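I have placed the structure first, in the form of C-alpha coordinates, so that the comments after it can refer back to it.
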Number of protein chains: 2
Amino acid sequence: MFKDTRQKEVILRILKSTNMHPTADWVYSEARKEISNISLGTVYRNLKVLCISGEILELDICGSSSRFDGNPGSHYHFRCETCGRIFDVDEPVNRALDVKVARKTGFEVLYHRIEFRGLCTECKE
Amino acid sequence: MFKDTRQKEVILRILKSTNMHPTADWVYSEARKEISNISLGTVYRNLKVLCISGEILELDICGSSSRFDGNPGSHYHFRCETCGRIFDVDEPVNRALDVKVARKTGFEVLYHRIEFRGLCTECKE
DNA sequence: TTAGGTGCAAAACCTTTGCCATCCC
DNA sequence: GGGATGGCAAAGGTTTTGCACCTAA
(Lines give C-alpha, C1' and ligand atoms only; values in the text may rest on other atoms or scores of the structure.)
Protein backbone atom coordinates (compact mmCIF):
# COMPACT_ATOMS: atom_id res chain seq x y z
CA MET A 1 0.00 0.00 0.00
CA PHE A 2 2.66 2.52 1.00
CA LYS A 3 5.48 3.02 -1.44
CA ASP A 4 9.09 3.65 -0.64
CA THR A 5 10.32 6.98 -1.86
CA ARG A 6 13.48 8.91 -1.39
CA GLN A 7 11.61 11.55 0.56
CA LYS A 8 10.22 9.07 3.02
CA GLU A 9 13.57 7.37 3.46
CA VAL A 10 15.33 10.67 4.15
CA ILE A 11 12.70 11.78 6.65
CA LEU A 12 12.87 8.49 8.52
CA ARG A 13 16.66 8.55 8.60
CA ILE A 14 16.70 12.09 9.98
CA LEU A 15 14.28 11.12 12.71
CA LYS A 16 16.19 7.97 13.64
CA SER A 17 19.45 9.84 13.85
CA THR A 18 18.44 12.21 16.61
CA ASN A 19 16.98 11.93 20.06
CA MET A 20 15.86 15.54 20.22
CA HIS A 21 12.19 14.90 19.40
CA PRO A 22 12.00 17.47 16.64
CA THR A 23 9.08 19.35 15.18
CA ALA A 24 7.91 18.82 11.61
CA ASP A 25 9.51 22.10 10.70
CA TRP A 26 12.93 21.04 11.96
CA VAL A 27 12.67 17.79 10.02
CA TYR A 28 11.76 19.85 6.98
CA SER A 29 14.81 22.07 7.24
CA GLU A 30 17.09 19.06 7.71
CA ALA A 31 15.49 17.26 4.80
CA ARG A 32 16.06 20.25 2.55
CA LYS A 33 19.79 19.79 3.01
CA GLU A 34 19.44 16.56 1.08
CA ILE A 35 16.48 17.23 -1.17
CA SER A 36 16.52 20.94 -1.74
CA ASN A 37 13.04 21.21 -3.19
CA ILE A 38 11.20 18.88 -0.83
CA SER A 39 8.00 20.49 0.39
CA LEU A 40 6.65 20.92 3.87
CA GLY A 41 3.44 19.19 2.82
CA THR A 42 5.45 16.12 1.88
CA VAL A 43 7.13 16.13 5.26
CA TYR A 44 3.80 16.24 7.01
CA ARG A 45 2.35 13.53 4.78
CA ASN A 46 5.28 11.22 5.39
CA LEU A 47 5.36 11.84 9.11
CA LYS A 48 1.74 10.79 9.20
CA VAL A 49 2.38 7.67 7.15
CA LEU A 50 5.36 6.73 9.31
CA CYS A 51 3.22 7.09 12.42
CA ILE A 52 0.56 4.85 10.97
CA SER A 53 3.07 2.19 10.02
CA GLY A 54 4.51 2.39 13.53
CA GLU A 55 8.01 3.41 12.54
CA ILE A 56 7.89 6.64 14.49
CA LEU A 57 5.78 8.14 17.24
CA GLU A 58 3.95 11.42 17.38
CA LEU A 59 4.30 12.81 20.86
CA ASP A 60 1.33 14.17 22.74
CA ILE A 61 3.34 16.93 24.17
CA CYS A 62 1.58 20.14 23.70
CA GLY A 63 3.17 23.33 23.02
CA SER A 64 2.71 25.06 19.77
CA SER A 65 3.51 22.16 17.52
CA SER A 66 3.66 18.38 17.37
CA ARG A 67 6.91 16.61 17.97
CA PHE A 68 8.03 13.30 16.61
CA ASP A 69 10.12 10.52 18.07
CA GLY A 70 12.18 8.20 15.90
CA ASN A 71 12.03 5.61 18.68
CA PRO A 72 8.55 4.11 18.60
CA GLY A 73 9.04 1.83 21.63
CA SER A 74 7.09 2.67 24.74
CA HIS A 75 8.99 5.02 27.02
CA TYR A 76 8.48 8.08 29.15
CA HIS A 77 9.53 11.66 28.55
CA PHE A 78 10.87 14.60 30.49
CA ARG A 79 10.30 18.15 29.38
CA CYS A 80 12.36 21.03 30.65
CA GLU A 81 10.07 23.90 31.53
CA THR A 82 12.79 26.44 30.84
CA CYS A 83 14.43 25.42 27.58
CA GLY A 84 11.56 23.31 26.29
CA ARG A 85 13.74 20.39 25.30
CA ILE A 86 12.35 16.90 25.60
CA PHE A 87 14.39 13.97 26.87
CA ASP A 88 13.74 10.25 26.97
CA VAL A 89 13.47 8.82 30.47
CA ASP A 90 14.98 5.42 31.03
CA GLU A 91 12.42 4.10 33.45
CA PRO A 92 10.51 0.86 32.94
CA VAL A 93 6.94 1.23 31.75
CA ASN A 94 4.53 0.26 34.48
CA ARG A 95 1.92 -1.93 32.83
CA ALA A 96 0.36 -2.82 36.17
CA LEU A 97 -0.92 0.71 36.36
CA ASP A 98 -3.05 0.15 33.26
CA VAL A 99 -4.63 -2.91 34.84
CA LYS A 100 -5.30 -1.05 38.07
CA VAL A 101 -6.95 1.86 36.31
CA ALA A 102 -8.94 -0.48 34.09
CA ARG A 103 -10.30 -2.25 37.15
CA LYS A 104 -11.16 1.00 38.83
CA THR A 105 -12.80 2.74 35.90
CA GLY A 106 -14.25 -0.06 33.87
CA PHE A 107 -12.53 1.33 30.80
CA GLU A 108 -10.36 -0.69 28.49
CA VAL A 109 -6.91 0.73 29.13
CA LEU A 110 -4.46 0.05 26.33
CA TYR A 111 -1.45 2.06 27.46
CA HIS A 112 -0.41 5.27 29.11
CA ARG A 113 1.99 8.11 28.57
CA ILE A 114 3.93 9.91 31.25
CA GLU A 115 5.58 13.26 30.92
CA PHE A 116 7.79 14.48 33.75
CA ARG A 117 8.30 18.21 34.08
CA GLY A 118 10.94 20.31 35.70
CA LEU A 119 14.37 21.68 34.98
CA CYS A 120 17.08 19.89 33.05
CA THR A 121 20.68 19.76 34.20
CA GLU A 122 21.69 22.86 32.29
CA CYS A 123 18.69 24.96 33.24
CA LYS A 124 18.58 24.21 36.94
CA GLU A 125 21.82 26.03 37.74
CA MET B 1 -1.98 42.73 39.34
CA PHE B 2 -4.85 40.79 37.74
CA LYS B 3 -8.22 42.46 37.91
CA ASP B 4 -11.55 40.78 38.45
CA THR B 5 -13.92 41.24 35.58
CA ARG B 6 -17.28 39.83 34.74
CA GLN B 7 -15.75 38.04 31.78
CA LYS B 8 -13.17 36.29 33.90
CA GLU B 9 -15.70 35.35 36.54
CA VAL B 10 -18.08 33.86 33.97
CA ILE B 11 -15.32 31.88 32.27
CA LEU B 12 -14.10 30.46 35.57
CA ARG B 13 -17.61 29.54 36.66
CA ILE B 14 -18.25 27.73 33.38
CA LEU B 15 -15.06 25.76 33.73
CA LYS B 16 -15.73 24.85 37.36
CA SER B 17 -19.20 23.64 36.57
CA THR B 18 -18.18 20.91 34.16
CA ASN B 19 -15.86 17.94 34.19
CA MET B 20 -15.75 17.57 30.44
CA HIS B 21 -12.39 19.28 29.91
CA PRO B 22 -13.62 21.65 27.23
CA THR B 23 -11.82 23.48 24.47
CA ALA B 24 -11.52 27.26 24.39
CA ASP B 25 -14.14 27.34 21.71
CA TRP B 26 -16.68 25.48 23.82
CA VAL B 27 -16.06 27.85 26.72
CA TYR B 28 -16.55 30.72 24.30
CA SER B 29 -19.92 29.50 23.11
CA GLU B 30 -21.09 28.92 26.69
CA ALA B 31 -19.85 32.34 27.76
CA ARG B 32 -21.78 33.97 24.95
CA LYS B 33 -25.00 32.77 26.52
CA GLU B 34 -24.26 35.14 29.39
CA ILE B 35 -22.26 37.89 27.73
CA SER B 36 -23.45 37.95 24.19
CA ASN B 37 -20.67 40.10 22.80
CA ILE B 38 -17.74 38.52 24.62
CA SER B 39 -14.91 37.90 22.20
CA LEU B 40 -12.91 34.77 21.58
CA GLY B 41 -9.73 36.74 22.22
CA THR B 42 -10.97 37.57 25.70
CA VAL B 43 -11.69 33.92 26.38
CA TYR B 44 -8.16 32.96 25.37
CA ARG B 45 -6.65 35.78 27.40
CA ASN B 46 -8.59 34.83 30.51
CA LEU B 47 -7.88 31.14 30.17
CA LYS B 48 -4.20 32.02 30.11
CA VAL B 49 -4.46 34.26 33.14
CA LEU B 50 -6.43 31.63 35.06
CA CYS B 51 -3.74 29.07 34.26
CA ILE B 52 -1.03 31.38 35.52
CA SER B 53 -2.90 32.08 38.74
CA GLY B 54 -3.40 28.34 39.21
CA GLU B 55 -7.17 28.38 39.20
CA ILE B 56 -7.43 26.09 36.21
CA LEU B 57 -5.18 23.72 34.32
CA GLU B 58 -4.33 23.57 30.66
CA LEU B 59 -4.13 19.94 29.62
CA ASP B 60 -1.27 18.65 27.52
CA ILE B 61 -3.52 16.49 25.52
CA CYS B 62 -2.84 17.00 21.92
CA GLY B 63 -5.33 16.85 19.24
CA SER B 64 -6.29 19.86 17.30
CA SER B 65 -6.86 22.15 20.25
CA SER B 66 -6.00 22.73 23.89
CA ARG B 67 -8.33 21.64 26.61
CA PHE B 68 -8.83 23.13 30.03
CA ASP B 69 -9.64 21.63 33.41
CA GLY B 70 -11.47 23.57 36.08
CA ASN B 71 -9.93 21.31 38.70
CA PRO B 72 -6.31 22.39 39.09
CA GLY B 73 -5.37 19.73 41.66
CA SER B 74 -2.94 17.11 40.48
CA HIS B 75 -4.69 14.14 38.94
CA TYR B 76 -4.43 11.80 36.01
CA HIS B 77 -6.51 11.60 32.85
CA PHE B 78 -7.94 8.99 30.56
CA ARG B 79 -8.69 9.67 26.94
CA CYS B 80 -10.96 7.50 24.88
CA GLU B 81 -9.38 6.85 21.51
CA THR B 82 -12.74 6.42 19.85
CA CYS B 83 -14.92 9.25 21.09
CA GLY B 84 -12.08 11.54 22.17
CA ARG B 85 -13.61 12.35 25.54
CA ILE B 86 -11.33 12.95 28.48
CA PHE B 87 -12.07 11.63 31.96
CA ASP B 88 -10.46 12.24 35.32
CA VAL B 89 -8.83 9.17 36.84
CA ASP B 90 -9.19 8.73 40.56
CA GLU B 91 -5.79 7.25 41.23
CA PRO B 92 -3.31 8.68 43.76
CA VAL B 93 -0.48 10.68 42.27
CA ASN B 94 2.80 8.85 42.69
CA ARG B 95 5.27 11.44 43.91
CA ALA B 96 7.91 8.79 44.54
CA LEU B 97 8.24 8.44 40.78
CA ASP B 98 9.44 12.02 40.52
CA VAL B 99 12.13 11.37 43.10
CA LYS B 100 13.22 8.22 41.33
CA VAL B 101 13.47 9.88 37.96
CA ALA B 102 15.27 12.87 39.47
CA ARG B 103 17.88 10.57 40.97
CA LYS B 104 18.31 8.72 37.73
CA THR B 105 18.49 11.71 35.38
CA GLY B 106 19.98 14.44 37.52
CA PHE B 107 17.13 16.69 36.48
CA GLU B 108 14.98 18.62 38.90
CA VAL B 109 11.63 16.90 38.57
CA LEU B 110 8.71 19.02 39.75
CA TYR B 111 5.77 16.87 38.78
CA HIS B 112 4.46 14.56 36.11
CA ARG B 113 1.35 14.03 34.06
CA ILE B 114 -0.12 10.71 33.08
CA GLU B 115 -2.59 10.12 30.32
CA PHE B 116 -4.14 6.68 29.99
CA ARG B 117 -5.49 5.69 26.61
CA GLY B 118 -8.01 3.16 25.49
CA LEU B 119 -11.74 2.76 25.14
CA CYS B 120 -14.33 4.15 27.51
CA THR B 121 -17.28 2.14 28.76
CA GLU B 122 -19.56 3.26 25.97
CA CYS B 123 -17.08 2.82 23.16
CA LYS B 124 -15.73 -0.59 24.08
CA GLU B 125 -18.95 -2.42 23.31
C1' DT C 1 -6.12 58.30 37.81
C1' DT C 2 -4.26 54.54 35.45
C1' DA C 3 -2.67 49.91 34.75
C1' DG C 4 -4.91 46.31 33.06
C1' DG C 5 -8.96 44.34 30.44
C1' DT C 6 -12.21 44.24 26.41
C1' DG C 7 -14.01 43.83 21.53
C1' DC C 8 -12.94 43.60 17.10
C1' DA C 9 -10.43 42.31 13.30
C1' DA C 10 -6.27 41.17 11.30
C1' DA C 11 -2.23 38.46 11.62
C1' DA C 12 0.44 34.55 12.89
C1' DC C 13 1.11 29.75 13.15
C1' DC C 14 0.77 25.03 12.30
C1' DT C 15 -1.27 21.58 9.50
C1' DT C 16 -4.05 19.86 5.77
C1' DT C 17 -5.63 19.65 1.05
C1' DG C 18 -6.56 20.24 -4.10
C1' DC C 19 -4.42 19.97 -8.30
C1' DC C 20 -1.64 18.18 -11.59
C1' DA C 21 2.85 16.25 -12.74
C1' DT C 22 5.74 12.41 -11.67
C1' DC C 23 7.21 8.09 -10.01
C1' DC C 24 6.95 3.24 -8.54
C1' DC C 25 5.23 -1.49 -8.98
C1' DG D 1 -1.11 1.82 -16.90
C1' DG D 2 -2.76 3.11 -12.72
C1' DG D 3 -2.59 4.08 -8.18
C1' DA D 4 0.41 6.33 -4.82
C1' DT D 5 3.43 10.26 -3.96
C1' DG D 6 5.49 14.84 -4.71
C1' DG D 7 5.69 19.98 -5.21
C1' DC D 8 3.31 24.04 -4.86
C1' DA D 9 0.16 27.09 -3.17
C1' DA D 10 -4.07 27.97 -1.22
C1' DA D 11 -7.23 26.93 2.46
C1' DG D 12 -8.33 25.58 7.23
C1' DG D 13 -8.35 25.71 12.14
C1' DT D 14 -6.52 27.46 16.43
C1' DT D 15 -4.34 30.98 18.99
C1' DT D 16 -2.27 35.53 19.41
C1' DT D 17 -1.99 40.49 18.88
C1' DG D 18 -2.51 45.63 17.75
C1' DC D 19 -5.41 49.21 18.67
C1' DA D 20 -8.73 52.27 20.52
C1' DC D 21 -11.99 52.27 24.02
C1' DC D 22 -13.46 50.86 28.83
C1' DT D 23 -13.24 49.70 33.85
C1' DA D 24 -11.81 47.95 38.24
C1' DA D 25 -8.94 49.30 41.96
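Quantities reported herein were computed from a predicted structural model and do not represent experimental measurements. Residue numbering restarts at 1 for every chain, and letters A, B, ... go by the order of the sequence lines.
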For the CD atom on B:E122, are there more than 12 heavy atoms of other groups (residues, nucleotides or ligands in this structure) within a distance under 6.0 Å? no
Side chain to side chain contact (heavy atoms under 4.5 Å, CB included) between B:L97 and A:I114, worked out: CA-CA 11 Å; B:L97 246 191; A:I114 303 187; 4.1 Å; yes
When B:I35 and A:K48 are each assigned the nearest nucleotide of DNA chain C, the 5'-most assignment goes to B:I35
Rounding to an integer number of Å, can you tell me how far [X] [atom1] sits from [N] [atom2]?
X	N	atom1	atom2	result
A:L50	D:dT5	CG	C1'	13 Å
A:D25	C:dA12	CG	P	16 Å
A:N46	D:dT5	CG	P	8 Å
B:F2	C:dT6	CZ	C1'	15 Å
B:N37	D:dC22	CG	C1'	12 Å
B:L40	D:dT14	CG	C1'	9 Å
B:I11	C:dG7	CD1	C1'	13 Å
B:E9	D:dA24	CD	P	12 Å

With respect to B:R32, which candidate in B:L40, B:I38, B:V43 satisfies the side chain to side chain contact (heavy atoms under 4.5 Å, CB included) definition? B:I38
Quick one, B:C51 and B:L57 - any side-chain contact, counting heavy atoms below 4.5 Å? no
Measure the shortest side-chain to side-chain distance between B:V27 and B:I11 over non-hydrogen atoms and say whether it is less than 4.5 angstrom. yes
Which residues share a ring-ring contact (aromatic ring centres under 6.0 Å, His included) with B:F107, sequence neighbours left out: A:F78, A:F87
Between the two end axes of the helix from C:dT1-D:dA25 to C:dC25-D:dG1, each built from 5 base pairs, what angle do you get to the nearest 10°? 40°
Hey, does A:I38 reach any base, or is it just sugar-phosphate, or nothing, if we go heavy atoms under 4.0 Å? sugar-phosphate
Can you pull the ring pair (Phe, Tyr, Trp, His ring centres under 6.0 Å) pairs that have at least one residue in residues 12-36 of chain B, sequence neighbours excluded? B:H21-B:H77
At less than 4.0 Å, is any side-chain N or O atom of [X] found next to OP1 or OP2 of [N]? Yes or no.
X	N	value
B:Q7	C:dG7	yes
B:S39	C:dC8	no
A:Y44	C:dT16	no

Residue list, side-chain hydrogen bond (donor to acceptor under 3.5 Å, both in side chains) with A:E91, at least two apart or on another chain: B:K100, B:K104
Any residue meeting side chain to side chain contact (heavy atoms under 4.5 Å, CB included) with B:V10, in chain and number order, not counting sequence neighbours: B:R6, B:R13, B:I14, B:A31, B:E34, B:I35
Quick one: what's the B/S/- string for nucleotides 19-25 of chain C, heavy-atom cutoff under 4.0 Å, read 5' to 3'? -----B-
